[in-house]
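All remarks here apply to the structure that follows.
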Amino acid sequence: MNNLANLLSTQSKAREAHDWYRKAAEQGNLIAMVNLANLLHKVKAFNDAELWWRRAAEFGNTDAMHNLAVALDKSLHVDEAITWYQRAAEAGHADAMHNLAIRHRYLGQLAEATDWWHRAGHQRAQRANEKPRGLVTRRSSR
């Protein structure tokens, strides 16, 4: 179902893709949950996107954790965003490490910022004007 939705999505058949992603997500497919959330975000159904990212994040999907954190960050729920960045970063998500480092720097927690910055793979020092990374939107199969 998820793979069919991916195919439909590449053919710009968002409504049909949505239906198949939703069916797969409702049956517990974590990848479909993330893909559905990404599609919902793309069509500006932000609350529904957040719901599906949260479901997948609670089951351990690191892309969902990161995307949920990005959405929360943009809606100014910074403390909860940091929690999800932290969980994704601790699970090895490089974009979440990057964003967590920026958040720590904004909060004046320079030691933590530096640690996460380097753990994200950056060789140079973090600058004050670094930008956070956005949503992970790759369509995964399974």
Side-chain angles (χ1 to χ4, degrees), residues 1-124 126-127 129-142:
M1 287 184 275
N2 182 67
N3 292 346
L4 176 58
N6 283 342
L7 177 64
L8 292 165
S9 185
T10 62
Q11 296 173 347
S12 299
K13 296 179 180 177
R15 185 167 300 195
E16 291 175 73
H18 170 272
D19 293 343
W20 285 107
Y21 282 140
R22 187 172 192 94
K23 286 177 186 179
E26 287 173 345
Q27 290 184 12
N29 184 318
L30 291 177
I31 305 287
M33 289 179 195
V34 176
N35 289 338
L36 175 59
N38 291 345
L39 177 66
L40 290 165
H41 185 270
K42 185 177 177 181
V43 299
K44 311 246 184 279
F46 300 122
N47 291 335
D48 289 337
E50 184 179 317
L51 177 129
W52 284 105
W53 281 323
R54 186 176 300 278
R55 285 184 184 175
E58 287 170 351
F59 282 108
N61 184 288
T62 57
D63 284 345
M65 291 177 195
H66 171 75
N67 286 357
L68 176 59
V70 169
L72 291 166
D73 212 349
K74 287 184 177 186
S75 63
L76 304 179
H77 294 95
V78 176
D79 290 339
E80 189 178 3
I82 289 171
T83 298
W84 285 107
Y85 283 138
Q86 183 86 34
R87 286 183 67 181
E90 288 173 354
H93 198 284
D95 288 347
M97 292 176 195
H98 174 95
N99 289 3
L100 184 60
I102 290 170
R103 273 282 155 228
H104 280 303
R105 183 177 180 87
Y106 288 162
L107 295 171
Q109 301 164 341
L110 299 182
E112 292 91 342
T114 300
D115 179 49
W116 283 110
W117 188 253
H118 291 298
R119 288 171 73 177
H122 298 295
Q123 301 300 315
R124 62 173 172 71
Q126 184 183 15
R127 297 182 191 114
N129 65 344
E130 297 290 349
K131 300 291 183 220
R133 294 190 177 151
L135 300 173
V136 175
T137 58
R138 60 185 166 258
R139 279 189 293 274
S140 299
S141 297
R142 272 207 243 144

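Basis for what follows: all heavy atoms, side chains included, without hydrogens, waters or symmetry-related copies.
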Self-check item: Residues that S12 engages under side chain to side chain contact (heavy atoms under 4.5 Å, CB included), provided they are two or more places apart
Solution: none

Quiz item: Under the salt bridge (charged side-chain N to carboxylate O under 4.0 Å, His left out) test, which residues partner R87, sequence neighbours left out?
Solution: none

Self-check item: Residues in salt bridge (charged side-chain N to carboxylate O under 4.0 Å, His left out) contact with E58, at least two apart in sequence or another chain
Solution: none

Quiz item: Who are the ring-ring contact (aromatic ring centres under 6.0 Å, His included) partners of F46, not counting sequence neighbours?
Solution: H41

Quiz item: Quick one: side chain to side chain contact (heavy atoms under 4.5 Å, CB included) partners of E50, sequence neighbours excluded?
Solution: R54, L68, L72

Exercise. Please name all residues satisfying side chain to side chain contact (heavy atoms under 4.5 Å, CB included) with R133, sequence neighbours left out, ordered by chain then number.
Key: D95, H98, N99, H122

Quiz item: Quick one: side chain to side chain contact (heavy atoms under 4.5 Å, CB included) partners of L107, sequence neighbours excluded?
Solution: I82, Q109

Quiz prompt | Listed once per pair and sorted, the ring-ring contact (aromatic ring centres under 6.0 Å, His included) pairs that draw on residues 4-40, sequence neighbours left out | solution = none

Quiz item: Is there a donor in the side chain of W53 and an acceptor in the side chain of D63, or the other way round, less than 3.5 Å apart?
Solution: no

Quiz prompt | Residues which pass salt bridge (charged side-chain N to carboxylate O under 4.0 Å, His left out) with D19, listed by chain and number, not counting sequence neighbours | solution = none

Quiz item: Do the side chains of Q126 and T114 get nearer than 4.5 Å, heavy atoms only?
Solution: no

Self-check item: Pairs touching residues 96-111 that satisfy salt bridge (charged side-chain N to carboxylate O under 4.0 Å, His left out), sequence neighbours left out
Solution: D73-R103

Practice problem: Using the salt bridge (charged side-chain N to carboxylate O under 4.0 Å, His left out) rule, collect all pairs that involve residues 31-40, keeping only residues at least two apart or in two chains. | Solution: none

Quiz item: Got a sec, which residues hit salt bridge (charged side-chain N to carboxylate O under 4.0 Å, His left out) with R15, two or more places apart in sequence or on another chain?
Solution: none

